Amino acid sequence: MTELRNYRPVHGGGAESEIPHVLIVGGGYLGMYTARELEKKLGVGEARITIVDPNAYMTYQPFLPETAAGSISPRNVVVPLRKVLKRTKVLNGRVIRIDHANRTVDFEPNEGRTRQIGYDLIVMAAGAISRTLPIPGLAEWGIGIKTVQEAAYLRNHVLEQLSIADSTDDPALRRKALNFVFVGGGFAGAEAVAELEDLARDATRMYSSIGIDDLHFYLIEAADTILPEVGPDVGQKSLNQLRRRNIDVRLSTLLESAVNQHIKLSDGTEFDAGTLVWTAGVKPSPVVQASDLPLGPKGHLDTSEYLTINGADGAFAGGDNAQVPDLNKPGSFYPPNAQNAVRQAPILAGNVIATLRGKPLRAYRHKNLGAVAGLGLQKGAAQLFGKIKLTGRLAWWAHRSYHLYAVPTFNRKLRVLADWALGFLLRRDFAALPEMSEPHQPFEEASRPQVHNGQLLRRAS
């Protein structure tokens with residue numbers, strides 16, 4: 001443990017500004033739960049708390065693959081920040097620059113002018129974004145699965161591709177629509193390809209012209225294994241499980257081009273694909289670079305075992321935008337997963353309070369409990385406590401049990417449980433709403449002049 005000097009607010013001028021201001025950048029799991037812990041443990045008037053995020057909700061990202069498959073409603077994987085946080089000021093927008101030397105940030109609201117906000121203590125919980133590469137065509141045709149919008153879009157898109165294939169008499173267009181490419185064999189990629197293949201496989205019952213063998217799902221991975229988080233044995237069993245489902249897993253293979261939806265792989269394979277999902281890694285939020293806070297070698301915030309940022313008094317970090325040293329494995333860092341975010345929040349909040357009160361800080365120490373992955377309905381992979389290795393239905397139950405425990409708020413737990421219960425009792429819902437991604441299009445079409453036989457038609461009044 002370490003002892004910090006007694007804290008003194010750096011901002012003066014007015015009664016409110018005499019109260020220390022804690023600014024939390026990011027309203028994801030870590031940011032929301034840190035604010036919630038601060039609300040519980042700080043006395044009234046002991047500190048002001050502000051949280052900044054573009055969204056008015058936090059997203060429980062481990063459920064996004066199931067959201068893409070339709071097993072969980074998109075509304076039920078998000079938690080409204082203002083409903084959970086009663087004493088915290090929620091600002092919707094982005095922090096675009098951090099000047100920690102002067103304890104200020106530039107805040108750009110979703111609507112309106114950029115303004116400066118002062119703080120006394122800052123918590124960096126900005127999370128991560130997809131890490132893309134300069135691959136031709138990737139930015140134009142690829143999509144990630146980091147947000148609830150992307151997950152909902154993918155479900156509608158995959159079902160729309162089946163409708164396109166069923167409705168066309170063009171063999172090339174049909175093959176393109178039924179080719180689905182996923183790049184990245186970690187948790188996000190393996191779970192996404194498995195869940196969406198499961199959805200498409202079930203949906204073929206609705207289409208007389210499409211059989212299971214017409215579907216072509218590809219999982220492209222640069223390394224020589226998938227799901228490294230669950231260990232080599234379970235990873236290999238998961239690989240075999242996917243291949244038995246005719247998912248074409250290409251190991252030690254790179255995506256080289258996706259121009260005009262024409263896929264080129266490093267092993268020489270070429271084909272057209274109507275779907276390209278990119279899950280090949282993440283990088284810290286851009287705001288991390290737009291700051292004077294110390295960074296580690298991979299661009300993450302250089303964080304101590306106390307979840308403080310090294311060399312920056314009054315600055316804390318955790319989650320995806322930080323590299324937190326693993327005290328159980330000297331020289332390594334904790335993986336940025338939900339399991340660590342769950343456990344970092346109370347430690348981080350406690351250390352913020354300890355700093356305000358001039359008390360010793362507590363180090364973050366966590367022994368990995370294992371890893372769980374869902375690979376479609378009643379299919380999964382899990383390694384628990386370093387010894388128990390599961391695949392299939394038992395692993396799927398372990399996956400759902402853990403994440404039901406971890407998803408925030410009792411309200412959301414019940415809603416997720418209700419979605420699962422309905423999915424167990426009723427057949428999967430295949431209603432697709434691809435038009436939701438272009439809600440203004442029908443109005444634009446209705447507003448265009450109507451022409452018939454070269455004559456402009458007068459609209460009915």
Side-chain angles (χ1 to χ4, degrees), residues 23-31 34 52-55 58-59 61 93-108 119 121-135 138-139 142 144-147 150 183-189 221-223 228-229 254-255 278-327 329-341 344-345 347-348 364 366:
L23 178 66
I24 302 174
V25 181
Y29 199 109
L30 181 69
T34 297
V52 177
D53 195 275
N55 299 314
M58 69 81 60
T59 303
Q61 292 187 353
R94 301 177 185 277
V95 170
I96 58 175
R97 181 174 174 272
I98 300 170
D99 181 2
H100 188 65
N102 292 305
R103 305 290 175 102
T104 62
V105 302
D106 292 340
F107 168 65
E108 182 180 71
Y119 65 85
L121 300 179
I122 190 168
V123 175
M124 293 297 297
I129 61 173
S130 295
R131 183 191 64 204
T132 59
L133 298 175
I135 298 172
L138 175 61
I145 189 167
K146 287 285 292 176
T147 68
E150 289 173 327
V183 183
F187 267 125
E221 170 54 45
E229 300 91 345
L254 303 174
L255 173 68
W278 179 267
T279 68
V282 296
K283 61 183 179 182
S285 169
V287 71
V288 169
Q289 296 287 337
S291 77
D292 56 353
L293 295 169
L295 304 181
K298 295 186 177 180
H300 299 75
L301 293 162
D302 185 15
T303 310
S304 75
E305 66 269 29
Y306 302 101
L307 303 179
T308 58
I309 299 176
N310 291 317
D313 288 342
F316 300 79
D320 291 355
N321 66 183
Q323 53 174 33
V324 180
D326 187 344
L327 297 182
K329 300 176 182 177
S332 63
F333 303 97
Y334 287 107
N337 56 25
Q339 187 180 139
N340 280 299
Q344 284 175 357
I347 304 296
L348 199 158
Y364 176 69
H366 169 58

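Only heavy atoms go into these numbers, but all of them, side chains included; no hydrogens, no water, no symmetry mates. The structure presented is a predicted model; accordingly, all values stated were derived computationally and were not measured.
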Tell me if a side-chain donor or acceptor on [X] pairs with a main-chain N or O of [Y] at a distance below 3.5 Å.
{"X": "Arg131", "Y": "Ala280", "value": "yes"}
{"X": "Thr34", "Y": "Gly31", "value": "no"}
{"X": "Gln344", "Y": "Gly319", "value": "yes"}
{"X": "Asp106", "Y": "Ile96", "value": "no"}
{"X": "Thr279", "Y": "Val183", "value": "yes"}
{"X": "His100", "Y": "Asp313", "value": "yes"}
{"X": "Ser332", "Y": "Asp326", "value": "no"}

Mind listing the closest non-hydrogen atom pair of [X] and [Y] along with its distance?
{"X": "Gly185", "Y": "Pro228", "answer": "O-CD, 4.4 Å"}
{"X": "Ala322", "Y": "Ala317", "answer": "CB-CB, 3.9 Å"}
{"X": "Leu30", "Y": "Ala125", "answer": "CD2-CB, 3.9 Å"}
{"X": "Gly93", "Y": "Val52", "answer": "O-CG1, 3.6 Å"}
{"X": "Ser130", "Y": "Gly144", "answer": "OG-CA, 4.4 Å"}

Where do Phe316 and Thr308 land on the side chain to side chain contact (heavy atoms under 4.5 Å, CB included) test, with the steps shown first? CA-CA 4 Å; Phe316 300 79; Thr308 58; 3.6 Å; yes

Scan the side chains in residues 295-302 for donor-acceptor partners under 3.5 Å anywhere in the protein, sequence neighbours excluded, and list what turns up.
| from | atom 1 | to | atom 2 | distance (Å) |
| --- | --- | --- | --- | --- |
| Asp302 | OD1 | Asn310 | ND2 | 3.2 |

Assess whether side chain to side chain contact (heavy atoms under 4.5 Å, CB included) is satisfied between Arg94 and Val287, documenting all intermediate values. CA-CA 9 Å; Arg94 301 177 185 277; Val287 71; over 6 Å; no

Fit a plane to each ring of Tyr334 and Tyr364, take the angle between them on a 0 to 90° scale, and name the class: parallel (under 30°), tilted (30 to 60°) or perpendicular (over 60°).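 Perpendicular.
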
Nearest 0.5 Å, please: how far is [atom2] in [Y] from [atom1] in [X]?
{"X": "Ile347", "Y": "Asn340", "atom1": "CD1", "atom2": "CG", "value": "11.5 Å"}
{"X": "Leu254", "Y": "Ile135", "atom1": "CG", "atom2": "CD1", "value": "7.5 Å"}
{"X": "Ile24", "Y": "Met124", "atom1": "CD1", "atom2": "CE", "value": "12.0 Å"}
{"X": "Gln61", "Y": "Ile145", "atom1": "CD", "atom2": "CD1", "value": "10.0 Å"}
{"X": "Lys283", "Y": "Thr132", "atom1": "NZ", "atom2": "OG1", "value": "5.5 Å"}
{"X": "Ile309", "Y": "Asn321", "atom1": "CD1", "atom2": "CG", "value": "7.5 Å"}

Between Val123 and Leu348, does a side chain to side chain contact (heavy atoms under 4.5 Å, CB included) hold up when you go through it step by step? CA-CA 9 Å; Val123 175; Leu348 199 158; 3.6 Å; yes

State, yes or no, whether a side-chain contact exists between Val288 and Leu293 at a heavy-atom distance under 4.5 Å.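 No; the side chains remain at least 4.5 Å from each other.
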
Would you check, one step at a time, whether the test side chain to side chain contact (heavy atoms under 4.5 Å, CB included) holds for Thr147 with Thr59? CA-CA 7 Å; Thr147 68; Thr59 303; over 6 Å; no

